[in-house]
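Data block below; observations after.
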Amino acid sequence: MTSGLAPARRLRRLNMAKKASFFYLALAPAFIIVAFLTVYPLINVLYDSLFRYDFIRDTREFIGVTNFVRIAGESLFQRSFRNTVAFTASASILEVGLGVILALLFYGEFRGKRVAMTIIIFPMMISTMVISAIWQMMYHYEIGVLNYLLRMAGLYPVGWLIDTRIALSSVVLVDIWQWTPFAFLIIQAGLNSIPREYFESASIDGASYTQIVRRITLPILRSQIILVLMLRTIDTFRLFDKVYALTGGGPANATRTVSYFIYDEGFRYFNFGRASAASVYVLLFVSVLAVFYIRSMFKEGKQ
Amino acid sequence: MKRFVMCALLIGAMSVGSAFAGGAAEPDEVTLTIAGRDGAFGDALELATAEYSERNPDVRFEILKLSGPELLEQTVIELRGGRGAFDLVMIDDPFAPQMQEAGWLIDLEEMYDRHGVELDDDLIDNIVTLGRFPYSEDGTLYALPYVGNVSLFAYRDDIAGEYGFDALETWDDALEFARLVHENEPDMAPVLFRGVAGNPIVTGFMPIFASHGAQVLDDAGQPAFDSPEALEAVEFFLELAQYAPEGVVAYESAQVRDALLAGTGAMAIEVWPGWIGDMEDPEESEVVGLVNVAAHPRQIEPPAPLLGIWLLGIPVGSEHQEEAFDFLRFITSAEIQEKIARETGQAPTTESVHKIPDLIEQYHWYPAQLDALREGVARPRTDHWAEIESVLGDYLQQALIGDISAEEALERTQERVLEIMN
């Protein structure tokens, strides 16, 4: 009996192995492409960061971790890093917070809801460079509409983009204007997926609107909120285009970000070693944040 | 069989498609790709290329109109790769030595010899030198000057006259003039300059720096920002900047130009020919005949106009070097330089065009411009100029805002530039 079963089992195993090898073979091209597009550049950046690499002269000199040590000790990099963290924290938290508020406001039915939604979503669809040009005009110290309104109200004009204390907040405001709709859309999708019965029964039980939001809506939306927060954090940490177009990193480096620092090192001075080392710092920081968010999301999923 | 027929048809279709991709081209037709600048520079390139194609119907052009940083970025990446995508490149003169040292441009002297022609002696000698490597009159020629940009000084002649100035000859005169305008002309900005960090603020500051006897690099090639002359220059600049508009840290060329042409600025410590081409056009300007554009004032040292020449070179990888060379000679000839100057206001690089009477009538600063081009000084020839300019510009702007003192700005610049260079 056993000897009769053994060939059948072997045959099954062989079939399974065949299927598995076909499966891996089918996946291989996609895997190779993904590896080439993600893993290879990462290794390349890590490798370059260990060299004094002059792109124009095409000279490389191995200097170990010197680039990392030097950059970390430079006031410009420190300032860029602090600005980036401040921008990321304020922009992503405010965008998600406002996105939640908007989603709650738009949950009920009211007249003109579709028109209002279209208007709210509109900024997200415009190119960042166009948005920056519009806001640059609005922020203009002498001819901008914001200072015009302040003067009309008898107030002093504000140096939106020229005052070192305010410039970064002005850039945050533009980002909020552009990307709050993104947070709003994702959270609204989550909100619409919650069965209405939950809210109705809580309401019948006498729960107030605030209690329903705090005890039911927000806890259920937690994973969506974490997801949006993660996406916005990663995106805002890479801030470059708005700063490039609005302030050029100024005034006095008040809006200079790490991405801007990397751009200058890489494409203005062609010091690819230093640019790579700064990129590795960004990669590490964003990875830590991403791991934190992903763990929170998984924890939420298990609960 | 069916599969085979399908495959054959597909391959056939692909072959036909690829044969016709990119449109039909005449067998002898050549397309020259120029990596150039945007704005008025781009318009001038269009004008010259159209003229050339009219005379040489077999040569077509593709012009990439890029901003300054984009042009540098794309030029470096392309020329480093040596794929031959560009046949001519516009080069901001401080970056020329790096490109020449890297061996990315062809030796033009060899081309002149091969074609049995001579370098046009109408081109201004002082700016031809900028295209040579090493940077000296004896260096090998790798690029020709195409735009005669040089920084000049502009002030309202009428207002200066009212306050008893025949001319603003020294920087002290300029400061006094700014003070008087500040006290007596409430609707007018006494002094204008580009306050944006980096290249803009440094370019405006350099003539002050040089005329105070300060140097970026000393004779040994080491940074010299810790000199008393440098401190005096920065302190003077900050004193003068007190009379600049409140938003000056965000001022770029457009703001300086607009204020000057609208008649709301009394003096600009830095103007470039490309900004003021419309100054004598009544449709564009409120100050026709009222602004004197001259060489910079002197202080301890004589005026030191800063050269900002745009050069044109032919990359080694170009597959159309002969055609590119012919076009290069064409675009830098007096005939085309005159046409460009007349129609776009771009500053010429030839002596003779500066002396054409009706052009002098149109651009009354041409004699001063020619002097400045002959006497002007180049930015330091170092591979680190972009970084030095950026560092100095950052600290200068911080001093302008009042975050740090003039002394701190120079100390930090000196320290950082030393790190960069060593």
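In what follows, chains carry the letters A, B, and so on, assigned in the order in which the sequence lines appear, proteins first and then strands, with residues in each chain numbered from 1.
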query: Are side-chain heavy atoms of B:Pro245 and B:Leu192 found at a separation under 4.5 Å?
result: yes
query: Backbone N or O of B:Gly308 within a donor-acceptor pair of the B:Asp92 side chain at under 3.5 Å?
result: no
query: Of the backbone (N, CA, C, O) and the side chain (C-beta and beyond), which part of A:Arg57 lies under 4.5 Å from a heavy atom of chain B, both, or neither?
result: side chain
query: Taking NZ, NE, NH1 and NH2 as the nitrogens, is one of them in B:Asp93 or B:Arg381 under 4.0 Å from a carboxylate oxygen of the other?
result: yes
query: Checking A:Arg52 against chain B: side chain, backbone, both or neither under 4.5 Å from a heavy atom?
result: neither
- prompt: With respect to chain B, which residue among A:Thr164, A:Leu161, A:Asp58, A:Leu76 yields the maximal number of heavy-atom pairs within a distance under 4.5 Å?
  reply: A:Asp58
- prompt: With a 4.5 angstrom heavy-atom cut-off, which part of B:Trp385 approaches chain A: side chain, backbone, both or neither?
  reply: neither
- request: Mark yes or no for whether B:Gln222, through its side chain, and B:Leu418, through its backbone, hold a donor-acceptor pair below 3.5 Å.
  value: no
message: For B:Arg412, which atoms come within 4.5 Å of any heavy atom of chain A: side chain, backbone, both, or neither?
response: neither
statement: Counting heavy-atom pairs under 4.5 angstrom with chain B, the leader among A:Ala254, A:Ser75, A:Ala252 is A:Ala252
query: What part of B:Ala386 is in contact with chain A, defined as an atom under 4.5 angstrom from a non-hydrogen atom: side chain, backbone, both or neither?
result: both
query: Does the ring centre of A:Phe81 sit less than 6.0 Å away from the ring centre of A:Tyr281?
result: no
- request: For residues A:Arg70 and B:Glu419, report the shortest heavy-atom separation together with the two atoms involved.
  value: NH1-O, 4.1 Å
field: Toward chain A, the part of B:Leu79 with a non-hydrogen atom under 4.5 Å
entry: neither
- prompt: Is the backbone of A:Arg256 close enough, under 3.5 Å, to the side chain of A:Asn83 for a donor and an acceptor to pair up by distance?
  reply: yes
- prompt: Checking heavy atoms, do the side chain of B:Glu246, its backbone, both or neither come under 4.5 Å from chain A?
  reply: both
- prompt: Is it the side chain or the backbone of A:Phe270 that comes within 4.5 Å of chain B heavy atoms, both, or neither?
  reply: side chain
A:Tyr244 versus chain B, the contacting section by heavy-atom distance below 4.5 Å: side chain
